[in-house]
Each structure stands twice: as structure tokens, then as C-alpha cells.
There are 2 protein chains.
Amino acid sequence: MINDLFSKGGLSLDRLRGFMQMAEAGSIAKAAPGKPNRQSQISRQIRELEQFFGTELTRRKGKTLSLSIAGERLALLIREQLQDLEDFRKEQAGLPKSFVIGAGASVIEWLLVPALPAISRHLGGATLLTESHRSRSLGDAVRDGRVDLAIIRQDAVPTGANTALVMKMRFHLCIPRALLKRGATERDAASPALWQTLAFAAGRDGGQTDTAVREAMQSAGVDFRPRFECGSMLQVRQLVELGACAGILPTLGIRGLDEKKVLITPFAPLRDFGRALVLHWNPRQMRRRGLETSDLKKLAAIIADQLKA
Amino acid sequence: MINDLFSKGGLSLDRLRGFMQMAEAGSIAKAAPGKPNRQSQISRQIRELEQFFGTELTRRKGKTLSLSIAGERLALLIREQLQDLEDFRKEQAGLPKSFVIGAGASVIEWLLVPALPAISRHLGGATLLTESHRSRSLGDAVRDGRVDLAIIRQDAVPTGANTALVMKMRFHLCIPRALLKRGATERDAASPALWQTLAFAAGRDGGQTDTAVREAMQSAGVDFRPRFECGSMLQVRQLVELGACAGILPTLGIRGLDEKKVLITPFAPLRDFGRALVLHWNPRQMRRRGLETSDLKKLAAIIADQLKA
DNA sequence: ATTAATCATGACTGTGGAGTCAGGTATCCT
DNA sequence: AGGATACCTGACTCCACAGTCATGATTAAT
């Protein structure tokens with residue numbers, strides 16, 4: 001019976017919350033940065049929960065802490081429960097729900113942010129939180145409910161299900177005309193020999209896109225030594241826009257570039273590298289939070305529409 | 001964000017539990033019988049929760065209390081959450097889960113109890129709790145998770161889904177041979193004229209079975225005045241077994257009756273009244289608790305097998 | 001009108017647990 | 001080796017909340 005839960009002490013919402021915070025942050029220290037008192041408290045709360053449940057919820061792994069199998073399950077359970085309570089509270093108080101949407105930094109900036117008002121509208125005025133993550137960890141975040149929705153490359157999603165296509169991405173070579181001879185054409189721009197002489201900006205985030213560009217250059221025979229190596233594609237675009245250098249930008253990144261000032265042409269070596277960007281969700285999570293598959297497909301369409309505007 | 005839940009006080013597991021107890025019992029008084037102190041506490045806990053959520057969870061209905069729409073939802077939510085926590089605890093502690101199985105009193109006695117060991121075995125050694133309910137309220141109990149499984153007449157289940165057939169029930173006229181002339185046959189027993197002269201025992205629980213029997217007698221032209229009117233069919237069977245009177249028993253109730261002492265024959269007026277007994281469950285609830293549809297169908301088969309033994 | 005339920009409220013006490021501080025230990029980095 | 005980092009532990013304080021009792025308000029049953 002449920003009353004067994006209360007027959008012995010050691011269980012409280014605060015403890016569950018403390019444990020969940022540690023689970024989300026990945027370590028106690030990150031869960032309470034700069035607050036050593038709270039750290040010791042979370043440590044104790046976890047120990048008390050472990051006593052209550054009679055199981056190790058955590059495993060020492062080096063000098064840091066990670067979750068055991070049981071801990072993973074409990075963390076998932078607690079997040080769902082607290083979120084259900086919070087949704088109930090918000091609904092009763094007449095407040096909008098809030099959804100967390102994750103994507104890479106450039107996708108957020110170029111695609112998601114412009115679409116946020118329309119998304120919120122379709123979700124009944126929901127509050128939206130954007131979170132920047134790497135593709136890899138986004139899948140995990142969706143799986144265990146830290147992120148409600150993700151915009152992510154299709155190949156980074158374990159299964160093809162629970163996704164709706166948003167757009168296909170291609171790569172474009174963008175060269176400020178100031179760096180070219182007067183009257184240069186797209187044909188001129190397609191020459192690797194030219195690329196070798198140009199100053200380039202490139203990402204250096206170690207992500208798939210970054211790697212692909214570098215490999216493509218290599219196999220085109222270019223000794224690719226970008227003058228600027230940036231932490232994100234956003235910075236690459238800025239440099240291109242300034243006319244400081246050339247760059248390879250994904251479809252999303254060329255919107256708003258002035259074709260009079262920048263020559264934009266498909267980047268041939270990555271012509272077949274086009275990847276689909278999809279909206280990804282956790283079906284169980286979405287069902288709990290009141291979104292049907294049809295809502296999600298509509299959301300994907302809304303985001304895709306953003307590109308046409 | 002989930003942290004909003006903790007930004008203001010007034011939420012605690014104890015309060016949620018107090019509210020849920022009231023919700024299950026139907027009133028504060030029933031939730032804490034004979035404990036006026038606990039009563040006042042639950043009353044206060046509910047008020048504090050209402051303040052926390054900013055909603056009325058209860059409605060005064062006469063001198064007693066009932067749940068509002070929001071209250072119903074919250075109660076359902078809390079029961080699920082506490083049960084999930086309890087399941088987690090049990091699992092981690094290596095203890096078996098516990099399941100609540102509901103049915104009518106006679107079904108429990110005649111069908112369910114003999115099958116309990118096999119059911120427990122199939123559920124991995126689960127602890128089983130039987131609960132006697134009327135058909136009508138069983139449906140509700142399954143719907144909101146107070147009862148995990150129910151054995152119930154098919155026509156008492158709102159939708160045909162979420163059920164598996166256990167058996168078909170028919171009605172049998174059972175007459176102690178001591179009340180008949182020596183050498184009486186089944187044919188003799190089928191005469192309404194005889195019925196009129198026999199002492200009968202009948203249920204008087206106002207249930208569908210009871211009503212059907214009385215109506216059938218009436219339309220057979222019998223002025224049906226049972227000598228014994230019993231609260232349950234169990235008592236009817238006892239009286240028949242004692243040889244004190246005749247009775248109409250469902251298929252389940254004739255097992256173990258000594259045919260040498262009791263003449264058992266189909267009760268013709270209710271020949272087409274046969275009703276299916278099904279195992280009924282709440283799919284959402286069962287998914288949460290780790291039972292698949294296939295498990296449940298197997299359970300129904302296990303219970304059905306009980307009849308052959 | 002009287003009585004009995006049922007729930008609500010106020011005024012407490014006691015306690016479990018959150019919050020805080022001060023070390024202590026193990027591990028990693030250089 | 002020395003220092004930084006991350007976690008654990010013990011010893012407290014303080015408070016929110018469970019627990020208890022007495023009483024009042026409303027409604028139902030007789």
C-alpha cells in the first residue's frame with residue numbers, strides 16, 4: 001500500500017528535488033555553483049534518499065559523482081512528477097505552461113528565435129525557454145525530459161520516429177565581392193585554386209558541420225588554413241558580412257546576406273552532404289504534457305514557414 | 001520552471017497524501033475514522049493545498065465534502081505519483097509489488113481466491129489485495145487507479161476494450177433432492193408449478209443478477225416469495241448445500257455441489273441471460289505499473305483455467 | 001427542537017528536516 | 001609535492017509543518 005511510503009521518514013519533496021538537481025547538473029558542485037552550504041545539503045539529501053530506498057542512487061566515479069541505474073530511473077520519475085505538479089499548478093492558476101526547446105546555437109539564432117512568437121501562439125501562449133546544446137547531448141536531454149522539443153539534425157536522432165521534418169540544409173560558399181576581382185562570376189568562385197588564396201573564417205567547435213567542411217576542403221586539394229577560427233557559425237557569418245573573409249555557411253546562415261556585397265554559391269564538395277533538420281520530441285513526455293503528434297507536426301510546419309517569410 | 005513549485009511554501013508530500021486519503025475515502029471523516037485530530041489536520045492540509053494551487057479542490061455538498069473537477073485531477077495525479085514512488089521503493093528493496101484486485105463478493109470467493117496463488121506467481125510473486133465492490137463502482141475504481149484489476153460483468157464496463165474474457169456465466173436451478181419426490185428427474189424440476197411450491201433462497205442485494213432472477217420467475221408465472229433473502233449469493237449456496245431450500249446459482253456457484261444431494265439443471269427462463277465475466281484494467285495504469293496487454297490476457301487465461309481444475 | 005454528523009478554525013507543542021558553518025578526505029592536475 | 005576540486009561528515013540553529021486539543025459553524029436526521 002501507498003502508506004508504506006510514509007511509515008518511515010526520510011522522504012520529502014525537498015530531498016527529491018535536491019537529488020533531481022544533482023542529476024540534471026551532472027554533479028553536486030554544478031547543481032549549486034558557488035554555494036558550498038547547499039552542496040553539503042544536497043550531498044546529505046542524496047544519502048538520506050539512499051537510506052530510504054535502500055539502494056545506491058549514485059556511484060563515485062573518480063572524484064565526481066554519477067548516477068547509478070536506479071538513480072537514473074528515480075531522477076526521470078521525479079522530473080516527471082514535479083513537472084506534472086507544476087503543470088497542474090500553472091493550469092489552475094491560469095498561467096501558461098512552459099516548454100524548453102533545445103537546438104544548436106546557430107539554429108536557435110537563425111531559425112528558432114524568429115519562430116518563437118508563432119510557436120508560443122500555437123501552444124496557447126506558452127512560455128518558451130531556449131537552450132543551446134550540442135546535437136549529441138540534445139538526444140539525451142529529450143529522452144529524459146530535460147528538454148521538451150529539439151531542433152536537431154535527423155542523423156543525430158537514434159530512431160527516425162518522433163520527428164517531423166523542418167528543412168533540408170545545404171552548404172553555401174559565401175565570398176565578399178570585395179575580395180574578388182571585379183565582375184567575378186559564380187563559375188570563378190567554384191575554383192579550389194581561388195579558395196586556397198582566400199582568407200576564410202571557419203567554425204572550430206569540433207561538430208559534424210565543422211569537420212565536414214574541413215574534410216571537404218582537404219579532398220578538394222586545398223590546404224585549408226582559416227584565418228579566423230570561431231566558436232560558432234554565428235561569428236563566421238558576421239565576419240563574412242563585414243567583408244573580412246569568406247566562409248561556408250549552412251542554408252540557414254545565408255538569409256539576409258546582401259547578394260550585392262557577397263557572392264553566394266553552392267559549395268560543390270558538400271553538395272551531397274545536405275542534412276535534414278527535424279523537430280524531435282519524446283512521445284511519452286509530450287503525451288503527459290498534453291501535446292498530440294498532430295500538434296508537433298504543426299509546430300514543425302510553423303518553424304519551416306519561418307524560412308519563407 | 002520546476003523550481004517555481006518550491007518558491008513558495010505550502011506543498012508537501014504529507015499534504016498531498018492527506019488530500020488523497022480524503023479523495024479515496026470520499027470524505028474527511030471516513031478518511032480518518034475515530035480520529036478527530038487527524039480529521040482537523042486533513043481539513044487544514046486541504047485548505048493549504050488549495051491556497052498553494054490557488055484553486056478550490058473541494059466543494060461542499062450538503063454537510064459532506066466532495067471533490068471539484070480540479071480536485072479529481074489532482075487526486076488522480078497524486079495517486080499515480082505516490083504509487084510510482086512506492087513501486088520504485090519496493091523494486092529497489094527487492095520486495096514484490098502489490099496489486100489490488102476487485103470483484104463482487106461471490107466472484108472473489110468462488111473464482112478469484114482459488115486463482116490467487118497462480119496470479120501472484122505470474123506477477124513475479126506480487127502481493128495481492130482483494131477488494132469487494134459492486135459492479136458499478138468497480139468501473140470507476142479501475143478508471144482512477146484505486147483498483148488495478150477487476151473481474152466484472154462485461155456489460156458493466158463502459159468500453160469493450162481493456163478487457164479479456166474469463167468465462168461465460170449461466171444460471172442453474174439447484175434443488176436439494178431431499179425436497180423432491182424420490183426419483184425426480186431434470187424434467188420434473190423444470191416445471192414452474194413445482195417452483196411455486198418449493199422453498200427458495202434468493203439474493204437481495206438489488207444487483208442485476210438478483211433482479212433478473214426475480215423477473216424471470218415472475219414471467220414464468222411464479223409468485224416468487226423466497227423463504228430466505230440473503231445479502232449475498234454465498235449465503236444462498238450455503239442454504240442449498242444444507243438442503244434447506246432451492247436456489248438459482250450462477251455457474252461459478254455450483255462448483256463442488258454434490259450432484260447426489262442436489263439436482264442441478266439449467267434455469268430455462270434465463271437461458272439467454274448468460275453474461276460474460278471479463279478481466280478489466282486501466283491501460284494507462286497497467287503501463288505505468290509494468291504490465292503489458294499480453295500479461296493481462298495471460299492472467300485472464302490463468303483465472304479461466306481455475307475453473308477446469 | 002434536539003441531537004448527531006461533518007467540517008472548519010484557532011491555539012498551541014513537538015519534531016523532522018532545511019539551512020548553515022567548519023572541517024575532513026579522496027582525487028585530479030601541474 | 002602542492003594546490004585545487006569535489007564530495008563527505010558532524011554539529012549545530014531555525015523553521016515549516018505534523019500532531020493534538022478544544023470549540024464553533026453548518027447541515028442532516030429524529
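Each chain gets a letter, A, B and so on, in the order the sequences are listed, and its residues count up from 1. Since we're looking at a predicted model, the values are computed, not measured. Just the heavy atoms: all of them, side chains too, but no hydrogens, waters or symmetry mates, feed the values below.
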Sugar-phosphate only, base, or nothing, as touched by Ser27(B) at under 4.0 Å among non-hydrogen atoms: sugar-phosphate
N or O in side chain of Asn37(B) less than 4.0 angstrom from dG19(D) OP1/OP2: no
Residues Arg17(B), Asp14(B): salt bridge by 4.0 Å N-O rule: yes
Distance test, side-chain N/O of Gln41(A) to OP1/OP2 of dG19(C), below 4.0 Å: yes
Length of the CG-P vector between Leu65(B) and dA5(C), whole Å: 19 Å
Arg15(B) and Ser12(B): side chain donor to acceptor below 3.5 Å: yes
hbond_proxy Arg44(B) side chain to dG10(C) base (donor-acceptor, 3.5 Å cutoff): yes
Proximity to the side chain of Glu48(B) - top-ranked nucleotide from dC7(C), dA18(D), dT9(D): dA18(D)
Euclidean distance, atom NZ of residue Lys63(B) to atom C1' of dT26(D) [Å, nearest integer]: 10 Å
Leu11(B) CG to dA18(D) P, straight-line distance once rounded to whole Å: 10 Å
Integer-rounded Å distance: dC17(D) C1' and Phe6(A) CZ: 14 Å
Ionic contact status for Glu86(A) with Lys97(A), cut-off 4.0 Å: no
Length of the CZ-C1' vector between Phe19(A) and dA18(C), whole Å: 19 Å
Phosphate contact (dC17(D) OP1 or OP2) by Arg15(B) side-chain N/O below 4.0 Å: yes
Whole-Å gap separating P (dG17(C)) and CZ (Arg47(A)): 13 Å
dT20(C) OP1/OP2 closer than 4.0 Å to side-chain N/O of Arg38(A): no
Atom-to-atom span, CD1 of Ile42(A) to P of dC7(D) - whole angstrom: 10 Å
Separation of atom CG in Asp14(B) from atom P in dC17(D), rounded to whole Å: 11 Å
Ser12(B) side chain near dA18(D) phosphate (N/O to OP1/OP2, under 4.0 Å): yes
Salt-bridge contact Arg73(A)-Glu91(B) (side-chain N to carboxylate O under 4.0 Å): yes
Presence of salt bridge, Asp84(A) and Arg288(A), under 4.0 angstrom: yes
Contact nearer the 5' end of DNA chain D, comparing Pro36(B) with Gln45(B): Gln45(B)
Thr64(A) side-chain N/O to dA6(D) phosphate OP1/OP2 under 4.0 Å: no
Polar side-chain contact Ser40(A)-dC21(C) base: donor and acceptor under 3.5 Å: yes
